[in-house]
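Working notes, beginning with the structure itself.
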Number of protein chains: 2
Amino acid sequence: MEMAEIDEGRPADEPKLSTKEKILDAAEELFAERGYYGVSIRQITQHAGVDLALANYHFGPKEELFRHVIARRAEEHSHRQMEYLQNAIAAAGDGPPSIEALVRAFCEPIFDRTMRGGPGWKHYIQLLSHTANTKQSHGFLAPMNERYDPVVEAFTDAFKRALPACAPHNVHYAVYFLQGAIVYLLAETGAINRQSHGLVDASDFDAILERMVPFFAAGFYALAGRP
Amino acid sequence: MEMAEIDEGRPADEPKLSTKEKILDAAEELFAERGYYGVSIRQITQHAGVDLALANYHFGPKEELFRHVIARRAEEHSHRQMEYLQNAIAAAGDGPPSIEALVRAFCEPIFDRTMRGGPGWKHYIQLLSHTANTKQSHGFLAPMNERYDPVVEAFTDAFKRALPACAPHNVHYAVYFLQGAIVYLLAETGAINRQSHGLVDASDFDAILERMVPFFAAGFYALAGRP
DNA sequence: GTCTATAATGAGATAGAC
DNA sequence: GTCTATCTCATTATAGAC
């Protein structure tokens, strides 16, 4: 909840992190890498360099710690996604938005944070990918996934306006495919590096984006001409 | 390893499963749903209706049980994927294969098994999706993911022959996007059901496939015209 | 091959001193 | 806010009776 707290005017380049931040950073990294059940509180506090008991003291039980990890960045992230969407819409003036611009606006804030947001954001995005690909059989994951539904729905609405001739359900299919590709790309498993023998680098999201925009835009156009 | 074993001529419709099969079935289902670390041996044996000690007796430690779950179906599945690929190539005669046929051949054996292969196959495919989206920070996942590299590479080669004007690395990007969508679709998280307010059903892979073929074929064509 | 019983370890959580 | 020590419980794994 309260993140910066007192923070008595120390400069931003000072590496002194509060205990809460150290725990959140470590939890974020390890949850992203091995999943919720693959990490213990002991591993988190050890990786953070703090005492075991402090995790429970500051954040309560493990599920609550997980929720705090998500809550720390969720609002800022979804807010920026909406900004990119508004910019893509505004760039088209009074006309319908450009499909290419919408595809780019959907991917770019995520890719940008992964590549240039620092390690914390990179881990957070990977954690998003991990949970987005997980069935919510355990309830505490549900609010996290549902948090991004409004963003997806706003993009879907914009796609519908950009393709008025396209049947609405086909727009949903197309957005579904786009979401899927993004979720998989963000996992950065490295499979594509092996399969392409180095021709494609899973961590070079700039190069990936330049292929995604024409690729998925063409897909949208192809579905627009179908009943 | 030895799956059918003695199997003294009892009919195929008999529901009597061996203890090993009961354990493998339960492990397959629970691993697919909650991941490797999210499931205990106790839950698996309880779900299978057998004694706790039998899991270790038949399969050794937990990681070995996981490997057996994968090994049971991996060869048959990758073999069928290759068959679909060969059929798509053969259908084109002496000419280059059709992009649409290749996209279909890439998706169809997976979707078919998920929808019509019975619950065991459905769980296995979901487990594949889960591990395909997981970084191999724990070594025992690596052989599982690498097992499907030859299949992906064979499809990629066919796509390259179908699009001789396309730069090879762009074919790899396109296959990467296609893989990603498939992995996400197979997870069946239900997010698309919420987001589309019921217009799209995540479990209806027949309807999904009919949109995927034109969508991704158009993407391939779009990338073919780029340097 | 199966089951009971138990060992050995690691887990999440907390009380209480500082 | 921090750390030591501990409680309680669940986990994997196995020994030994049947």
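Just so you know, these numbers use all the heavy atoms, side chains as well, and skip hydrogens, waters and symmetry mates. Just so it is clear: chains get the letters A, B, ... in the order the sequence lines come, proteins before strands, and each one is counted from 1.
Computed from coordinates, the B:L30 CG to D:dT11 P distance equals 12 Å when rounded to whole Å. Taking atom CG of A:D51 as the reference point, atom P of D:dT6 lies 15 Å away to the nearest angstrom. One can place CD1 of B:I23 at 10 Å from P of C:dC3, the figure rounded to the nearest angstrom. With rounding to whole Å, A:K20 atom NZ is found 10 Å from D:dT2 atom P. Put simply, CZ on B:R34 is 11 Å from P on D:dT11, counting in whole angstrom units. Residue A:K22 contributes atom NZ, which lies 11 Å from atom C1' of D:dT2 at whole-angstrom precision. For the pair B:L17 CG and C:dT2 P, the computed distance is 13 Å after rounding to whole Å. Across the protein-nucleic acid pair, A:K62 atom NZ and D:dT11 atom C1' stand 13 Å apart, rounded to whole Å.
Comparing the start and finish of the helix from C:dG1-D:dC18 to C:dC18-D:dG1, five pairs each, the helix axis swings through 0°, to the nearest 10 degrees.
Residue pairs meeting the salt bridge (charged side-chain N to carboxylate O under 4.0 Å, His left out) criterion with at least one member in residues 44-63 of chain B, sequence neighbours excluded: B:E63-B:R67. Pairs passing the side chain to side chain donor-acceptor pair (under 3.5 Å) check and including a residue from residues 173-185 of chain B, sequence neighbours excluded, do not occur. Under the salt bridge (charged side-chain N to carboxylate O under 4.0 Å, His left out) criterion, the residue pairs touching residues 104-128 of chain A are A:E76-A:R113, A:R80-A:D112, A:R104-A:E210, A:D112-A:R116, A:R116-A:D206, A:K122-A:E188, with sequence neighbours excluded. Pairs passing the salt bridge (charged side-chain N to carboxylate O under 4.0 Å, His left out) check and including a residue from residues 136-154 of chain B, sequence neighbours excluded, read A:R194-B:D149.
Scanning residues 35-47 of chain A for heavy-atom distances under 4.0 Å to DNA chain D yields an empty list.
For B:F59, the ring-ring contact (aromatic ring centres under 6.0 Å, His included) partners at least two apart in sequence or on another chain are B:H68. In this structure A:H47 satisfies the side-chain contact (heavy atoms from CB on, under 4.5 Å) test together with A:A26, A:E29, A:L30, sequence neighbours excluded. A:H58 pairs by the ring-ring contact (aromatic ring centres under 6.0 Å, His included) definition with nothing, not counting sequence neighbours. Residues meeting the side-chain contact (heavy atoms from CB on, under 4.5 Å) test with A:P168, sequence neighbours left out: A:K160, B:L199. Residues meeting the side-chain contact (heavy atoms from CB on, under 4.5 Å) test with B:Y57, sequence neighbours left out: none.
The shortest non-hydrogen separation linking A:T134 to A:N145 is O-ND2, 4.1 Å.
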Which pairs, protein N/O on one side and nucleotides 14-18 of chain C N/O on the other, fall under 3.5 Å?
residue : atom : partner : partner atom : Å
C:dT14  : OP2  : A:N56   : OD1          : 3.4

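Partner of B:F159 under the ring-ring contact (aromatic ring centres under 6.0 Å, His included) criterion, chosen from B:F216, B:F220, B:F106: B:F220.
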